Amino acid sequence: MIVGPVALRPFARAWFCYFAAMGVYSLYAPLWFDRLGLSALAIGTIASVASWTRVFAPYGWAWIADHSNRRQHLLQLAGVLSAASALALALAGRFGMGAVSLCVALLFIANGAVMPLTEASLAHHLNLGSGQGGTQYGRTRLWGTVGFMLSVTVFGVVLQWLGIEAWPWLVFAMWALLAYALWRLPATADGPHSEASAAGALQVLRQREVAWFFASVFLVVLAHTSIYAFFALFLAAHGAERSLIGLLWAVGLVIEVGFFWTQGHWFSRVSLHGWLMLAGVTAALRFAAMALSQGHLAVLLLAQLTHAVTFAAQHAACIALVTRYFPGRLRGRGQALYSTIGYGASGVLGGVAGGAIIERWGFAAMFWAASAVALLSTGCALRSRRNMPV
């Protein structure tokens, strides 16, 4: 299926707004929580609250979408609820950790629809399951990276100027923009499928190749929780200003954009499982370097350059495999399982365990643990490839 760039622009706008909103939230939320007087363990616990919602929310949204075949309407509802929850979070800081945790949970329950349903809609347009559309997927998905990059860079400067107190209102503004973008997405519908029941998706998950694939996803994202939840605190502990925090993220994201733009050229040179294994090994080296860095800028810059492989290539391979494993009316639930297992359960464990490790042994110990977990993910990807049908 050949889809022109005009037809993909609504998806590009939605990805831009979603990842811009996630960027300003994920990178600077720990600094706002710290300003509220919360400990590293409490901050990790709140991060795990967001991840807990990934355990059930994406699959719940996808189950409804696959059975109703109304992805667009559910995405519109999710956008409105996300903006409302972000507004509540902006007002909750004065009421303590309980109120903040509740608003974070509501925000991530609402936006749990965005990734699986938008990925499913885009895969439907590009026919990714058949191996087509890789270049178009990369050049559409890269706008999410651009949004994240601009968000963490620009808002780093803005927060340096206005103070961290402005953070929750910037979060609200970005989720409101996302709500508008989701209203502009085209409607999509899949035809009937013989495995359109919930049992069908879980039956696919029980296949050995698929189970080992999801184990690999879980572990590599678990390793990345060390930077998703604690990178800003790590840099702040070494005296970095907020503007530098944003710029360090931007370094990795620039090369990530380059990968997505040229994905069609590189992706065919390595198998999908090969990319997963390469991402696992590279992530292990990345986090080992950070454990040894002691905050030295040159080492951190080199580590950030690997983000194109440890995230961009890994994510693109995952989306292609999930689309292949879960065709037709199973597509939304397959993407939801990717969000739930990869970015839900792993975040719950990583947020709490990472905070506990930092408080007891420091940041270096946390990065060493992340390096070991990334190596385990490589072994799982290898097992998945060995269980592929001949």
Side-chain angles (χ1 to χ4, degrees), residues 1 3-26 50 53-54 57-91 103-126 128 133 136-137 139-151 154-155 168-190 319 329 331-336 338-339 343:
M1 179 185 296
V3 181
V6 174
L8 296 177
R9 284 176 187 171
F11 292 99
R13 286 194 295 264
W15 283 132
F16 180 93
C17 292
Y18 175 76
F19 283 98
M22 289 300 294
V24 69
Y25 178 90
S26 60
T53 68
R54 294 289 189 250
Y59 197 88
W61 285 103
W63 189 93
I64 297 171
D66 282 352
H67 283 77
S68 66
N69 220 7
R70 300 182 60 154
R71 291 194 196 111
Q72 183 189 29
H73 294 90
L74 288 171
L75 281 168
Q76 292 170 349
L77 174 62
V80 171
L81 293 177
S82 296
S85 300
L87 177 60
L89 177 62
L91 302 173
C103 291
V104 168
L106 293 174
L107 173 61
F108 280 84
I109 289 172
N111 70 51
V114 178
M115 281 289 289
L117 300 192
T118 308
E119 288 280 17
S121 295
L122 183 57
H124 172 89
H125 277 278
L126 296 178
L128 288 180
Q136 290 174 303
Y137 175 83
R139 294 188 179 185
T140 304
R141 178 59 177 75
L142 71 83
W143 286 103
T145 305
V146 172
F148 191 96
M149 179 174 59
L150 290 178
S151 175
V154 172
F155 288 129
W169 299 104
L170 297 177
V171 171
F172 166 65
M174 294 312 303
W175 287 110
L177 284 176
L178 174 66
Y180 172 77
L182 292 176
W183 275 83
R184 304 296 300 274
L185 286 178
T188 61
D190 287 307
I319 293 300
R329 295 285 288 274
R331 185 176 288 124
R333 277 164 285 171
Q335 296 294 342
Y338 173 59
S339 295
Y343 291 86

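We number each residue from 1, following the sequence as shown. Predicted model, so just to flag it, every value in this text is computed and none were measured.
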Please examine the side chains of [Y] and [X], heavy atoms only from C-beta on, and report whether any two atoms are closer than 4.5 Å.
X	Y	value
Tyr18	Leu182	no
Leu87	Trp169	yes
Phe11	Thr118	yes
Tyr338	Glu119	no
Ser85	Trp175	no
Leu106	Leu89	no

Looking only at heavy atoms, which two atoms of [X] and [Y] are closest? And how far apart?
X	Y	value
Ala179	Gly79	CB-O, 3.4 Å
Ala62	Leu117	CA-CD2, 3.9 Å
Leu177	Cys17	O-SG, 4.0 Å
Ala12	Thr140	N-CG2, 3.8 Å
Ile109	Trp61	O-NE1, 2.8 Å
Ala14	Leu185	CB-CD2, 4.1 Å

Say you draw a straight line from [atom1] of [X] to [atom2] of [Y]; how long is it, rounded to the nearest 0.5 Å?
X	Y	atom1	atom2	answer
Ser151	Tyr25	OG	OH	13.5 Å
Trp63	Arg333	CH2	CZ	8.5 Å
Gln72	Arg184	CD	CZ	11.0 Å

Trp183: which of Leu178, Leu75, Val80 passes side-chain contact (heavy atoms from CB on, under 4.5 Å):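 Only one option passes, and that is Val80.
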Which of parallel (below 30°), tilted (30 to 60°) and perpendicular (above 60°) describes Phe16 and Trp143? tilted
Has Thr53 got a side-chain atom pairing as donor or acceptor with Ala105's backbone, closer than 3.5 angstrom?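 Between the backbone of Ala105 and the side chain of Thr53 there is no qualifying donor-acceptor contact (under 3.5 Å).
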Is it true that a side-chain atom of Gln335 and a backbone atom of Met115 form a donor plus acceptor pair closer than 3.5 Å?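 It does not hold such a pair.
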Does the structure place the NZ or CZ of Arg141 under 6.0 Å from the centre of the six-membered ring of Trp15, at an angle of no more than 45° from the ring's axis?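 That pair qualifies as a cation-pi contact.
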